Amino acid sequence: MDKEKIKNGVRLILEGIGEDTSREGLLETPDRIARMYEEIFAGMEQSAKIPLEKTFTTDATEMVMEKDITFYSTCEHHLMPFFGKVHIAYIPQGKVVGLSKLARTVEVFAKRPQLQEQLTVQIADALMEYLQPKGAMVVIEAEHTCMTMRGVKKPGTVTATMATRGVFAEDEQMKQDFFHMLKI
């Protein structure tokens, strides 16, 4: 990440909106934004392989679900936050991953300029690639500030996306089981 380019860009934006970049309250803003971007876009330099490569052998063949994983991401169209919950399930095929690794996988993809639809697919595809389960399903529910505080200004609006792979895509009952477990 090029912090100097970010700082220069922030200065240009501030000047573009008519601000005085030399005033006390804004003197350190470019540096603060550059440091913040290092944190919120940390996924740019990460791979989902890292959290998903540490697995444990198992005979389990029933659904593993982790729900209500809180995430924060940045809309790639407006560079504004969107945030919500991710629900993940997979059917093991000889191996499982530590539960914290599912949340870490969400973070890898959420910490990039992103589309919710793309985020959903990326998580499901990473599970399939690195865990090789019988199937995976990901549902994301999120509020987008690019829609709630600008544009149509509809606070509280939630966007839901879903990606199904393997048996979740092939077997309608598996999807229904997922949604049943989500309510528990």
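Keep in mind it's a predicted model, so treat the numbers as computed, not measured.
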Are there more than 12 heavy atoms of other residues, nucleotides or ligands under 6.0 Å from atom [atom1] of [X]?
X: Lys49; atom1: NZ; value: no
X: Gln173; atom1: CD; value: yes
X: Arg11; atom1: CZ; value: yes
X: Met1; atom1: CE; value: yes
X: Glu39; atom1: CD; value: no
X: Tyr72; atom1: OH; value: no

May I ask you to test the [X]-[Y] pair for a side-chain heavy-atom distance under 4.5 Å?
X: Gln114; Y: Thr74; answer: no
X: Ile33; Y: Lys7; answer: no
X: Leu115; Y: Glu76; answer: yes
X: Val10; Y: Asp31; answer: no
X: Ile123; Y: Val86; answer: yes
X: His78; Y: Arg150; answer: yes
X: Phe179; Y: Met137; answer: yes
X: His77; Y: Cys146; answer: no

Without swapping roles, check the side chain of [X] against the backbone of [Y] for a donor-acceptor pair under 3.5 Å.
X: Glu15; Y: Asp20; result: no
X: Ser73; Y: Ala110; result: yes
X: Arg112; Y: Gly43; result: yes
X: Thr148; Y: Lys154; result: no
X: Lys134; Y: Glu62; result: no

Kindly give the heavy-atom pair with the smallest separation between [X] and [Y], and that separation in Å.
X: Thr70; Y: Lys85; value: OG1-NZ, 2.9 Å
X: Gly25; Y: Thr29; value: O-OG1, 3.4 Å
X: Ala124; Y: Arg165; value: CB-CG, 4.0 Å
X: Lys101; Y: Val97; value: CB-CG2, 3.4 Å
X: Ala89; Y: Phe178; value: CB-CD1, 3.5 Å
X: Arg104; Y: Pro51; value: CB-CB, 3.8 Å

| request: Let me see the working for Ile88 and Val106 under side chain to side chain contact (heavy atoms under 4.5 Å, CB included), right down to the final yes or no. | output: CA-CA 9 Å; Ile88 297 173; Val106 170; 3.7 Å; yes
| said: Determine whether Thr58 and Lys95 satisfy the following criterion, side-chain hydrogen bond (donor to acceptor under 3.5 Å, both in side chains), listing intermediate values before the conclusion. | reply: CA-CA 5 Å; Thr58 185; Lys95 59 185 174 180; over 6 Å; no
| field | Stepwise side chain to side chain contact (heavy atoms under 4.5 Å, CB included) test for Ile140 and Thr159 | value | CA-CA 8 Å; Ile140 298 180; Thr159 300; over 6 Å; no
Can you measure from [atom1] ([X]) to [atom2] ([Y]) and round to the nearest 0.5 angstrom?
X: Tyr130; Y: Asp125; atom1: OH; atom2: CG; answer: 10.5 Å
X: Phe41; Y: Lys111; atom1: CZ; atom2: NZ; answer: 11.0 Å
X: Thr105; Y: Gln122; atom1: OG1; atom2: CD; answer: 12.0 Å
X: Phe109; Y: Thr120; atom1: CZ; atom2: OG1; answer: 11.5 Å
X: Lys67; Y: Ile184; atom1: NZ; atom2: CD1; answer: 6.0 Å
X: Glu172; Y: Thr164; atom1: CD; atom2: OG1; answer: 9.0 Å

If Ile, Leu, Val, Met, Phe, Trp and Tyr residues are connected whenever their side-chain heavy atoms lie under 4.5 Å apart, and connections chain through other members, are [X] and [Y] in the same group?
X: Met162; Y: Met65; value: yes
X: Met63; Y: Tyr90; value: no
X: Leu12; Y: Leu14; value: no
X: Leu99; Y: Ile69; value: yes
X: Met128; Y: Leu102; value: no

| Does Glu19 pair with Arg23 as a salt bridge, N-O distance under 4.0 Å? |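 Looking at Glu19 and Arg23, the cut-off is met.
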| message | I'd like to know if Asp171 pairs up with Lys175 as an ion pair, taking the criterion as any Lys NZ or Arg NE/NH1/NH2 lying under 4.0 Å from an Asp or Glu carboxylate oxygen. | response |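 A salt bridge is absent here (no side-chain N lies under 4.0 Å from a carboxylate O).
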Any chance the side chains of [X] and [Y] put a donor and an acceptor closer than 3.5 Å?
X: Glu4; Y: Asn8; answer: no
X: Gln116; Y: Thr161; answer: yes
X: Gln46; Y: Glu107; answer: no

| query | Taking the six-membered ring for Trp, are Phe82 and Phe71 ring centroids under 6.0 Å apart? | reply |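 Centroid distance Phe82-Phe71: below 6.0 Å, so yes.
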| task | Among Ile, Leu, Val, Met, Phe, Trp and Tyr joined by side-chain contacts under 4.5 Å, find the other residues sharing a cluster with Met149 and list them by chain and number. | result |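 Noted: Met149 shares its cluster with Met80.
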| said: side chain to side chain contact (heavy atoms under 4.5 Å, CB included), that's the test. Do Leu27 and Thr21 meet it? Break it down for me. | reply: CA-CA 6 Å; Leu27 281 175; Thr21 58; over 6 Å; no
| Criterion side chain to side chain contact (heavy atoms under 4.5 Å, CB included) on Thr57 and Val96, from CA distance to verdict | CA-CA 7 Å; Thr57 304; Val96 293; over 6 Å; no
